[in-house]
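A, B, ... follow the sequence lines: proteins, then strands. Residue 1 opens every chain. This structure is a prediction, so every number in the text was calculated from the model and none was measured.
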Number of protein chains: 2
Amino acid sequence: MIEAAATVFCREGFAGANIDLIAAEAGVSRQTVYNHHRDKESLLVAVVREITERCNARAFSVLATFPDHPRDLQADLTAFAIRLNRNCLCDRDGRFLRRLLQNEGERYPELFSDWRENGPARVWDALAARFARLAHAGWLEIDDPDAAARQFLALTSSDLQLPLIFGDRLSEDDLEQTSARAVRMFLRAYARRN
Amino acid sequence: MIEAAATVFCREGFAGANIDLIAAEAGVSRQTVYNHHRDKESLLVAVVREITERCNARAFSVLATFPDHPRDLQADLTAFAIRLNRNCLCDRDGRFLRRLLQNEGERYPELFSDWRENGPARVWDALAARFARLAHAGWLEIDDPDAAARQFLALTSSDLQLPLIFGDRLSEDDLEQTSARAVRMFLRAYARRN
DNA sequence: AGATTTTTAGACAGTGTTGTCTAAATCGTC
DNA sequence: GACGATTTAGACAACACTGTCTAAAAATCT
């Protein structure tokens, strides 16, 4: 049911979504929706909690696959970027979160305060720590690991934004091309110079 | 009136905005709104046309200030990035466009097809041409100017996204810091090596 | 099977919004 | 000042949605 609500909220927006649609999508009667959630707003809160938690979990599970001991730095980082994009950006949860942030982030910042603290901030920290370790191991030359982490994410995701917004089909090839290009640029800036 | 409609659409979203609010914001009666625009949807179309045109115009006017003959490449590119962000991203039009893209881009792609062709695509081309020229003049070493242009934009804008979404106050200092960091990284990758 | 809980379909009042209509008021122009 | 065009306030029907209610049906548990 949270799933169905997420789908409809994502498709129609909060104001545009109506309870009947959500109930139909969930294959359930409207009354049942009201049995489980006081009203539309508290349903939204539940959905946001669910989605943000899942997104965080997924992000950290991908982070765990970071190439701490790379064999081929370029290739391994590219594969990592692909995993990150595919699992955290291109899926429905990612789309939902982006759209909802854009819509309601300014109006209800407290809806996302939890996500802000435990989501992006921690991902950045964790990624920064990985890069710092790679630097310490002699693979990279990084002065500001935090900035580098954010730059890595910016580079790897930005070419996907527009296609994602318009729901264009995103081929596996595009994803690889884009990620490879981003990593190449990243390493051009931060790979150890010899 | 288009202004007022833009403000309200931006604040409330399309489904959430109502004509009375728009009329009030414009200081005009509801009937007058209907005099000028058939219905809510065609009003939205008019607003989108207006805003996208203005955004494009502004983007190109900032592009014209690109440092073709830099004195201090780092400083000049940073200043350029700051101008770009301040005039095309942080203002109300930028917010409106981002939000509307996220909301309605997938549902009504034809609303933005014009913008897509004449907006981002052309900006990228123009910026790529500038970078190519800088490379030709010996300032940069760039193999793929198109990619470099998009990377420049990704780096300079990404740290602003989250604060912008949440409507956080964005100090002039932050803007400078962020832009400087992005340009430093960009040059680390593409500045001529000697 | 019997008892208890949950779900269902449908009706319902209350509210808000859209788009139309009308008659009065205001504006611009000669 | 007079005339035509535009704007205004307000009323209006049509519609959609929310959240509540009820009595029947279905599912769950013992």
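Across all strands shown, His36(B) has heavy atoms under 4.0 Å from sugar-phosphate atoms exclusively, and none from any base. Within the 4.0 angstrom heavy-atom criterion, no nucleotide atom of any strand lies near Ala23(B).
When each of Arg86(B), Arg58(B), Arg54(B) is checked for a salt bridge (charged side-chain N to carboxylate O under 4.0 Å, His left out) with Asp91(B), only Arg58(B) meets the rule.
Between Phe186(B) and Phe131(B), the ring-plane angle classifies as tilted under the 30° and 60° cut-offs. Under the 30°/60° scheme for interplanar angles, the aromatic rings of Phe9(B) and Phe14(B) are found to be tilted.
An OP1 or OP2 oxygen of dT7(C) is reached within less than 4.0 angstrom by no side-chain nitrogen or oxygen of Thr32(A). Note on Asn35(A): every side-chain N or O is 4.0 Å or more away from OP1 and OP2 of dT6(C).
Between the CD1 atom of Ile19(B) and the P atom of dT8(D) there is a distance of 15 Å, rounded to whole Å. Whole-Å rounding puts the Ile22(B) CD1 to dG19(C) C1' distance at 14 Å.
Which of dG19(C), dA9(D), dC17(D) sits closest to the side chain of Asp39(B) comes down to dG19(C). Nearest nucleotide to the side chain of Gln31(B), out of dT8(D), dT18(D), dT8(C): dT8(D). Nearest nucleotide to the side chain of Arg30(B), out of dC12(D), dT8(D), dT20(D): dC12(D).
Mapping Lys40(A) and Gly27(B) onto DNA chain D by nearest heavy atom places Gly27(B) at the nucleotide closer to the 5' end.
A donor-acceptor pair shorter than 3.5 Å can be found between the side chains of Arg83(B) and Thr65(B).
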